[in-house]
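To start, the structure itself, in structure tokens.
In this text, all values refer to a predicted model and were calculated from it rather than measured experimentally. Side-chain atoms are counted along with the backbone in the values below, which use heavy atoms only and exclude waters and symmetry mates.
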Amino acid sequence: MNNCFALRFNLHKSGQSFEDDSELFAGIFGTSKEFIEETLRQYDEVNTASANEIKDNLKYLDLSFLEGKKILLLGDSNTSDRLSWGKIIEKILPCQVIDGAISGWRSVQLLSEIDRMLNNFKPDIVVVQIGNNDSFFADKQQSSLCVSPDEFKRNLTVIVNKVKGCGARLIINSITPSYCEKINANHSFWSASEEINELFNDITKEVAEQENCYHHDFREVFERKNYDELFYADGTHLMPLAHKKIAEHFVRFLGDCYENN
């Protein structure tokens with residue numbers, strides 16, 4: 001498969017919706033339009049294979065309650081990836097799935113854009129998966145996080161209430177675990193620990209409980225012994241296998257839990 005890592009992430013939409021432009025991308029990445037088109041085709045093949053496997057595994061689920069609905073996905077690179085759980089569920093669910101996630105975002109960026117995005121897309125269901133970047137981006141001295149746990153909780157609470165205020169149903173996803181050894185080896189401004197990752201993930205659960213909305217906890221699909229098969233070398237971006245696992249867990253959650261509550 002063509003390795004054009006930067007191409008994979010939604011860096012250009014910023015809450016707007018328009019088709020990927022292979023000619024534009026060719027200029028950005030200094031390559032040919034044909035290379036971009038072939039790369040995107042290969043990404044689509046990977047997502048399609050994952051989706052077909054999940055549909056076979058979950059063929060018993062009745063997802064007809066989603067027909068005619070619009071789901072908006074909000075978050076960071078682990079949602080905006082073109083080889084992502086979001087792109088996989090697009091091929092499974094009988095509804096429109098909109099990628100509103102932006103690579104690199106923390107809760108503060110999402111909070112600043114949430115009103116515009118809700119107004120643009122008018123979703124029936126919103127899925128928020130934010131907090132990974134909040135949990136390990138630090139100042140230059142690595143003495144403190146750029147977003148404190150208290151600030152993250154405040155930001156997420158406001159985001160939740162804005163979604164509820166527009167009448168959409170809300171799902172807060174867990175954040176992914178941190179592969180701390182690799183994260184800390186990659187950048188001087190990254191400072192990851194399993195304890196901090198767990199703390200930020202616990203906040204997603206707390207806010208969901210306090211605000212009476214759904215929490216989708218997919219972290220059981222990550223086994224520490226298999227991290228090398230689930231994470232890229234930077235320790236934070238997910239390989240296609242991890243995205244497939246999250247997608248299957250999410251679809252099962254929708255079918256078994258969400259619709260029945």
Discussion item. Quick test of your reading of the model: are K182 and D228 salt-bridged, counting only N-O distances below 4.0 Å?
Written reply: yes

Worksheet entry | Basic-acidic side-chain contact under 4.0 Å: D124, R169 | no

Practice prompt. Look at R224 together with E181 and state whether they make a salt bridge at an N to O cut-off of under 4.0 Å.
Written response: yes

Worksheet item: Would D81 and K87 pass as an ion pair if we require N to O under 4.0 Å?
Response: no

Fill in: Full working for salt bridge (Lys or Arg N to Asp or Glu O under 4.0 Å) between R116 and E113
CA-CA 6 Å; R116 182 167 64 87; E113 294 291 332; 2.4 Å; yes

Worksheet item: Any side-chain donor paired with an acceptor under 3.5 Å for D62 and S64?
Response: yes

Discussion item. Between H243 and S50, do the side chains contain a donor N or O and an acceptor N or O under 3.5 Å apart?
Written reply: no

Discussion item. Could you check whether atom CD of E209 has more than 12 heavy atoms from other residues, nucleotides or ligands sitting under 6.0 Å from it?
Written reply: no

Worksheet entry | Residues R219 and E198 bridged, charged N to O under 4.0 Å | yes

Practice prompt. Determine, for E248 against R252, whether the closest basic-nitrogen to carboxylate-oxygen distance falls under 4.0 angstrom.
Written response: yes

Fill in: Flag for Q210-E206: side-chain donor and acceptor within less than 3.5 Å
no

Worksheet item: Do Q129 and H216 get their side chains close enough for a donor-acceptor pair, meaning under 3.5 Å?
Response: no

Item to complete: Describe, in one word, how the ring planes of F218 and F222 are oriented to each other, choosing from parallel (under 30°), tilted (30 to 60°) and perpendicular (over 60°).
Response: tilted

Worksheet item: If you round to the nearest 0.5 Å, how far is CD1 of I171 from CD1 of I71?
Response: 7.0 Å

